[in-house]
Amino acid sequence: MTYPIRIVGSQVVLREFTPEDVDDVLAIIGDDKVTTWLSFDSRDRAQAVAMIEGTIERAQHKSRTEFYLGVTKRDDDRVIGFARIGLSGVQAGKLGYAIVANEWGRGYATDAARTMATYAVKELGLHRITAAIGPDNAASIAVVQQLGFTREGVLRDHVFTNGAWRDSVLFSVLAHEWSW
Ligand SMILES: CC(C)(COP(=O)(O)OP(=O)(O)OC[C@H]1O[C@@H](n2cnc3c(N)ncnc32)[C@H](O)[C@@H]1OP(=O)(O)O)[C@@H](O)C(=O)NCCC(=O)NCCS
């Protein structure tokens, strides 16, 4: 497996994080508008530093099980989001993503998720990719639906976030269904 990874999509590039990304990462994971939809509460600067350090460390494992990449525009190396695939189960992976709030609605998440899932199917040989999404997260549900994911069902009290248990709706796509 190669390190570092850099994958070029149609609108975005997915690349490894560096310690210099901390301010851009904090603008994402420190913003309640974003984290209200995620499985963790907003994080402070020290937690953003720790997140990046952990990501960089895990990215270098010989048997890499996490692909946690920064999302940038194609012509600007600043991080505007993240896309993540965590390997779990048999040739299976869990997809997650977020985009900084002032860049929402421009197609970046759809392209980042498409690019990440294509890499997971073609390069990592995954058979099944899942995304667990809050039932009220219409934007994220729109992203996976555009990419042809199928709704499987509800995971009850799946995450504890923002002080309460929250269900997730589970979506999946299988390698032979992936046409991107
Ligand atoms: C979900 C998220 C990543 C989408 O990012 P984005 O770059 O704005 O997404 P895109 O522009 O690629 O597409 C969003 C789609 O959702 C639609 N959408 C956006 N807001 C919506 C809303 N409130 N209700 C319904 N649809 C909505 C858009 O119209 C678009 O669909 P379209 O291309 O058919 O018009 C972003 O909102 C975000 O970071 N949210 C917080 C974190 C998060 O929810 N992550 C996913 C966890 S499962």
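In each ligand, atom 1 is the first atom listed, and ligand 1 is the first ligand listed. Treat the numbers as computed from the prediction; the structure is a model and nothing was measured.
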Pair Arg128 + Glu152: basic N to acidic O under 4.0 Å: yes

Inter-residue atom distance Ile80.CD1 - Ile28.CD1, 0.5 Å rounding: 8.0 Å

Any protein heavy atom < 4.0 Å from atom 28 (C) of ligand 1: no

Protein heavy atom at shortest distance from atom 20 (N) of ligand 1: Ala139 CB, 3.5 Å

Minimum heavy-atom distance Leu95-Met116, with the two atoms named: CD1-CG, 3.9 Å

Closest non-hydrogen atom pair, Arg58 against Tyr68: NH2-CD1, 4.5 Å

Residue and atom name of the nearest protein heavy atom (relative to atom 40 (N) of ligand 1), distance in Å to one decimal: Trp104 CZ2, 3.6 Å

Closest candidate by heavy atom, reference atom 43 (C) of ligand 1, pool Asp31, Ile29, Asn137: Asn137

Under-4.0 Å heavy-atom contact with ligand 1, by part of Thr36 that carries it: neither

Per-atom contacts of ligand 1 with Thr110, taking only distances under 4.0 Å to non-hydrogen atoms: 10 (P), 12 (O), 13 (O)

Electrostatic pair Glu66-Arg84, nearest N-O below 4.0 angstrom: yes

Atom 32 (P) of ligand 1 touched by protein heavy atom at under 4.0 Å: yes

Lys73/Asp76 ion pair, N-O < 4.0 Å: no

Distance from atom 15 (C) of ligand 1 to nearest protein heavy atom, with residue and atom: Ala142 CB, 3.7 Å

Shortest reach to atom 26 (N) of ligand 1 by a heavy atom, considering only Ala98, Ala138, Ala131, Gly134: Ala138

Nearest-neighbour protein heavy atom for atom 8 (O) of ligand 1, which is reported as residue plus atom name and distance: Gly105 N, 2.6 Å

Shortest protein contact, atom 42 (C) of ligand 1 (heavy atom only): Val34 O, 3.7 Å

Contact with ligand 1 for Gly107, non-hydrogen, under 4.0 angstrom: yes

Closest to atom 45 (N) of ligand 1 among Phe82, Trp37, Tyr97 (heavy-atom distance): Tyr97

Ligand 1-proximal atoms of Gln146, by part, heavy-atom distance under 4.0 Å: side chain

Ligand-residue contact atoms, ligand 1 with Ile133, heavy atoms, under 4.0 Å: 48 (S)

Over all atoms of both residues, closest heavy-atom pair of Ser140 and Ile133: OG-CD1, 3.4 Å

From the candidates Ser140, Ala101, Ala109, the one that places a heavy atom nearest atom 3 (C) of ligand 1: Ala109

Ion pair check, Asp77 and Arg15, cut-off under 4.0 Å: yes

